[in-house]
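One structure is given here, and the rest of the page talks about it.
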Amino acid sequence: MVSSADTRTARPPVGLLAGSATAGLFALALALLLGGGAPQPSPIGLDSAGPVVDWALVMVPYPVTITALVTVGFGLLNGISPRHAPTTPVRAPARRINVLGALLWAALCLLSVFLLAVRFRAMAGDLRGLLDSVQVRALLAEAALACVAAVTAKWSPRLALPSALVALVPGPLTGHTLTADSPLVAQAALVAHVVAASLWVGGLLALGWLALRNRAAWAAVLPRYSTLALACVVVLAVSGMLAALQELHSFDQLLTNGYGALVLLKSAGLAGLIALGALQRRRVVRPGVDASGRDVLLLLGSEAILMMLVVALATGLSQTPPPN
């Protein structure tokens, strides 16, 4: 049960998360405009669904990603929480967030399908052939797997994380990877990148929630998460480099086009998160439950802001055409 003091402490970070997510939307719009992934006018002779639908289609992947991170993060929390007293009070609320996150993830995927159907109908005049779209099929598969993740989280918390990770797979199998120099390498690298990022960033979200709700439970889980986070950072670095090499043909392209610029910005954001993680290990992980509440809140707030911006840049990058 959360005390009144805990509730008062939790309110500012909730507002901070909402503000960070909103800032991320603006960062995504800017990344799309600068990188070339923003909606373009329809070719002459083809009808358009309108700018509202076009912009909604490129912005919806951002909340889809956030809900996926929440689902993975709380699935991870359920999986690594030791079965003893400190974590008992938070199990039920963590499971509810896990289930709700998965259901919202599925709903947002279906919203994306609806928006694609609206655009397809405007351009083709009917919906015949809609299911021939690789993107539509991937979104439907992701929605179905997210629903499975919700059911799993409800009835078998220990299987919540594997089912959430499986639901991440359809997305990376479409898009840029299909046109890369080595599609199989690009797809494998991107799947590894997405899984590692989801475990790391989703885990940060869940651990932040836990730190504000129950410091004893947070201290019990933190060492396990810290070890996993370090492994995720290594996988992120290697898979990110492999994925970038599949799209960029020379070092100069990092500096001469929008796609390369977004790769650099995203890499800088991830480096910032790594630096904050190192600071957290020294100021928070080692002291454990005795860590300063001020240090915990400052680090959580800094990580939340940077995290949302990195997610926005990653979303923009996934929709920005790579250089020819």
Side-chain angles (χ1 to χ4, degrees), residues 17 21 61-84 86-110 138-139 141-172 190-214 217-233 235-236 239 273 277 300 303-304 307-308 310-311 314:
L17 282 174
Y62 178 65
V64 168
T65 301
I66 291 176
T67 53
L69 291 174
V70 169
T71 305
V72 170
F74 280 86
L76 174 64
L77 185 60
N78 283 323
I80 65 175
S81 295
R83 294 184 177 276
H84 55 66
T87 58
T88 300
V90 297
R91 287 186 178 277
R95 186 184 301 183
R96 286 195 295 270
I97 295 174
N98 197 173
V99 172
L100 290 174
L103 291 175
L104 185 55
W105 180 8
L108 288 168
C109 288
L110 293 177
L139 283 166
E142 189 172 341
L145 290 170
C147 288
V148 171
V151 174
T152 304
K154 175 69 174 177
W155 298 110
S156 181
R158 291 291 172 178
L159 296 177
L161 178 60
S163 60
L165 293 178
V166 169
L168 292 172
V169 173
L190 193 53
V191 167
H193 195 76
V194 168
V195 168
S198 299
L199 287 170
W200 181 31
V201 178
L204 281 176
L205 287 172
L207 266 290
W209 172 86
L210 189 59
L212 296 170
R213 190 173 184 96
N214 189 310
W218 167 78
V221 171
L222 193 57
R224 298 186 180 193
Y225 169 74
S226 184
T227 301
L228 176 64
L230 182 60
C232 288
V233 168
V235 174
L236 270 174
S239 60
L273 282 174
L300 287 176
E303 287 176 337
M307 187 189 309
M308 294 300 177
V310 170
V311 170

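These values consider heavy atoms only, across backbone and side chains, with no hydrogens, waters or symmetry-generated copies.
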Quick one: closest heavy-atom pair of [X] and [Y], and the distance?
X      : Y      : value
Ala153 : Arg95  : O-CG, 3.2 Å
Lys154 : Val99  : N-CG2, 3.7 Å
Ala146 : Ala102 : O-CB, 3.5 Å

Distance-only donor-acceptor pairs under 3.5 Å for side chains of residues 161-171, two or more places apart:
unit_1	atom_1	unit_2	atom_2	d
Ser163	OG	Leu159	O	3.1
Ser163	OG	Ala160	O	2.9

Return yes if some donor-acceptor pair links the side-chain N/O of [X] with the main-chain N/O of [Y] below 3.5 Å, else return no.
X      : Y      : value
Ser226 : Leu222 : no
Tyr225 : Ile80  : no
Asn98  : Thr71  : yes
Ser156 : Thr152 : no

request  = Begin from the C-alpha positions of Trp218 and Arg213 and carry the test side-chain contact (heavy atoms from CB on, under 4.5 Å) through to its verdict.
outcome  = CA-CA 8 Å; Trp218 167 78; Arg213 190 173 184 96; over 6 Å; no
query = What pairs with Trp209 under ring pair (Phe, Tyr, Trp, His ring centres under 6.0 Å), at least two apart in sequence or on another chain?
reply = Phe74
task = Go through the steps for Met307 and Leu69 under the test side-chain contact (heavy atoms from CB on, under 4.5 Å), then give the verdict.
result = CA-CA 11 Å; Met307 187 189 309; Leu69 291 174; 5.6 Å; no
task = Quick one: list whatever passes side chain to side chain contact (heavy atoms under 4.5 Å, CB included) with Val235, sequence neighbours left out.
result = Ala192, Ala196, Ser239
